Amino acid sequence: MCGIVGYVGPLRADEVVLEGLRRLEYRGYDSAGIAVVSDGTLACVKKAGKLINLESALAQESLPSAHTGIGHTRWATHGAPNDRNAHPHLTQENSIAVVHNGIIENFARLRHELEEAGYEFASETDTEVVAHLLDSIYDPALGLAEAMRQACRRLDGAFTLVAIHANEPGVVVGARRNSPLVVGRGEGENFLGSDVAAFIGYTRNAIEMGQDQVVELHPDSIEVTNFDGSIAPINEYYVSWDAEAAEKGGFEHFMLKEIAEQPQAVSDTLLGRINDEGSLVLDEMRLSDDELRSIDKIVLIACGTAYHAGMIAKYAIEHWTRIPCEIELASEFRYRDPILTRDTLVIAISQSGETMDTLMALRHAREQGARVLAVCNVNGSTIPRESDAVVYTHAGPEIAVASTKAFLTQVVAVHLVALYLAQVRGTKWGDEIRHHIDQLASMPSKIESLLETMEPVRELAKSLVDAQAVLFIGRHVGYPVALEGALKLKELAYMHAEGFAAGELKHGPIALLEQGLPVVAIVPSPQGRSVLHDKVISNIQEVRARGARMIIIAEEGDSEVVPFADVLITIPAVPTLMQPILAAVPLQVFACALATAKGFDVDQPRNLAKSVTVE
Ligand code: M6R
C-alpha cells in the first residue's frame, strides 16, 4: 500500500527520496510524487502510473537542489489514480506539502468546513483536507510540528502523514495513527519511511513510531511527541538486514529470489529454538507457562496467504495439544461478535505486521480480554508491538507482493508454537517434541533439493499459458495448500483459479469439470494416515472420469498415484502435517512461471499492495 519517504540532510533530497520510493515500489501503487523545499519555496512533481513516469517528468521539469524533501507512492482509495490525485498535496499558496497513507474517515465533514472557510480543493482525495487543515492551523511562532499535532487531534481514521513547510527548510514532520511509519537515524541526516526499506541504503538505525505520535526531524535531531504535545520515549533498534537483502541479487524477479531463499529462511526461523537441556524455547513468548496452561481455546486470525498458514496451524495445534482451535479471516472476525475470554489465546499471523484487518481484529480480541500472540516477520511492526507475545519468522525482507518465503516460515513458526504449547501443557513427551523439531530441521535441505527439480513445473506452466482456469484440490493440510496454489495463480497470472477440499468437489464444484481442464491434486503421504491418501486417490478418480487433466503433487515413491497422473510432480517424503512446507513450493514456481509466460509483472501484480494498511 502507499509508500512514504522523508529526508532531511546534506544530500540532494529529490535523489534520496526517489531512491527510497524505488525501494518501496514493492508495496504496490498507481501514482507517485516528490516535493522539496528550498529558498523558502516548495516545488513538487507528481505523476500517475509507475515511477518511470515520475522520472520522465523529473527529467523535463527538474526539482531544485534542495536538502529537505518528501515523496509518496499512492495506492488509490479516494479518487482515481491520476496526476491530480497523486501525492504530495499542496496548499493554495504552495506553503505546505503533505503525503498520506491510510484513510481520513471524517474527511467529508472537514472538507465542507474548509470550503466554507474559503479553501479550494484541487483533488478528490481525503489527503488534501490535511494540507488545508494544516494551513488553517499553522502559526509560524509554533511551527509545523505543533500544527500537525493539532490537526491530528481533529482527524478520525488511520493515517501516516508527512509534511514540509516552505518557511521551515531543514524540517520534516511525520505523524502516525494506525498506519506504519519508521524513523531512520543517520549521521547529520535523518529519514522517514513507511518501512525501513525506504532508507536501508543509508542507515540501519531505526526508531519505532508509537501510536498517536508526531516526529520532528532536523538533520541533527529527532523529537517524538504524543498528539497532546508531551515528549514520547524513543524506541531505537538496529535493522538486522542490509540493503543487499532488499536487492534482486541477480534474479530476474524478487519472487524468484525469495523462492530460492526459502531453505535459508526456514533454517533461520528454526535457529536457536532448542536450549542446552534439549527443550524448545521461544524467546519472545512473553506469556508465562501458567497463562499458557490456562488456555481453553485458540482462535487464529489472518488474511490471504497468512490465513492459509493459520489453517495449517489449526491441524497442528489440535493434533499436538488437543486445545480446540478456530481459524477466521481477520476481516470478518470482529464483526460477528466472537466469544472470547481471558482464557482464549488469539494467534495473529502477519508477514508485514501492518495488515489493518488483522490489527483491528487483534485489538478487538484484547478489548474482550483475550491474550494475543503474533506470528510476524517484521521486527518492530505494529501487530507484534500491540500483542502480548510474539514469535518472529526470520524470513528477511519479502519484497514481491506474492508471499512465498513468509508462508513457509509462518507454517514453521506455527508448528513451533504448537509444539511449545504441547511441551508446556505436557500433551507430548520431550522426545516426541524433539523428534518433530528434528523433522522440521530437515526441511531446509529438502526444500533445497526440491527446488533443483522444478524445470518440469516451469515447462508445465508454459504449456498452460492459454488455459482458462486451473482447479486445485487437497484434503486435511492439503486443502489450505490447494487454496494457496489457487491464490498464487489468481494474483500473479490473473487467471480463474479455485482451491477446493477434495471431498467437497462432488457437492457442487465438480460441475466445473470439462475435458482437458487442468486440476492440481495435492496427495498426502501414503505413510501412517493412509486413509487420507486413499480418499484423495478416490477424488482423483472422480476428476479423471470427467476428462480433466490431472496434475498430481505426491510424495517420492508413491507408486499408487502414477497411473492417474497426466503430470506427476514429486516432493520429498515428510509427515503429513509438514507436507505443506514442501507442497507449496512447486505451486509458487508454477504461478510465477505462468505469469512470466503471460508477460505479467510478477513482483507487482495489478491492483495489489504488499501490505494492506486499510480495512
Ligand atoms: O502482511 P500480511 O501477512 O498480514 O499480509 C496478508 C495478505 O495480504 C497477504 O498474505 C497476501 O494475501 C499475499 N499477497 C498473498 O500472496
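Order of listing sets the numbers, starting from 1, for every ligand and every atom in it. Just so it is clear, the model here is predicted, and its values are computed rather than measured. In this chain, residues are counted from 1 in sequence order.
Nearest protein heavy-atom contact of atom 5 (O) of ligand 1 is Thr355 OG1, 3.5 Å. The single protein non-hydrogen atom nearest to atom 1 (O) of ligand 1 is Ser352 OG, 2.6 Å, given as residue, atom name and distance. Among all non-hydrogen protein atoms, the one lying nearest atom 8 (O) of ligand 1 is Val612 CG2, 4.2 Å. Given atom 15 (C) of ligand 1, the protein heavy atom at minimum distance is Thr305 OG1, 3.0 Å. Considering only non-hydrogen protein atoms, atom 13 (C) of ligand 1 sits nearest to Val401 O, 3.8 Å. Closest protein heavy atom to atom 7 (C) of ligand 1: Cys303 O, 3.6 Å. The protein heavy atom nearest to atom 16 (O) of ligand 1 is Glu491 OE2, 2.4 Å. In terms of protein heavy atoms, atom 3 (O) of ligand 1 is closest to Gln351 N, 2.6 Å.
Between Phe191 and Tyr202, the distance from one ring center to the other falls under 6.0 angstrom. In this structure, the ring of His476 has its center less than 6.0 angstrom from the ring center of Tyr315.
Close approach to Ala306 involves these atoms of ligand 1, each under 4.0 Å from a residue heavy atom: 3 (O), 10 (O). Below 4.0 Å from some heavy atom of Gly304 lie the following atoms of ligand 1, by number and element: 12 (O).
When the salt bridge (charged side-chain N to carboxylate O under 4.0 Å, His left out) test is applied to Arg606, no partner is found at least two apart in sequence or on another chain. Residues passing the side-chain hydrogen bond (donor to acceptor under 3.5 Å, both in side chains) test with Glu455, sequence neighbours excluded: Arg458.
The shortest side-chain heavy-atom distance between Pro180 and Asn101 falls under the 4.5 Å cut-off.
Contacts between Lys488 and ligand 1, counted as non-hydrogen atom pairs separated by less than 4.0 Å, involve the side chain only. At a heavy-atom cutoff of 4.0 Å, ligand 1 is contacted by no atom of Lys610, backbone or side chain.
The closest approach between a heavy atom of Thr358 and any atom of ligand 1 is not below 4.0 Å.
Residues Arg336 and Glu326 are paired through a salt bridge, judged by an N-O separation under 4.0 Å between the basic side chain and the carboxylate. One finds no salt bridge joining Arg22 and Glu19 here, because no Lys/Arg side-chain nitrogen approaches an Asp/Glu carboxylate oxygen to under 4.0 Å. Of the charged side-chain nitrogens involved, at least one lies within less than 4.0 Å of a carboxylate oxygen, so that Lys405 and Glu261 count as a salt-bridged pair.
With hydrogens and angles disregarded, no donor-acceptor distance shorter than 3.5 Å links the side chain of Glu208 to the backbone of Val183.
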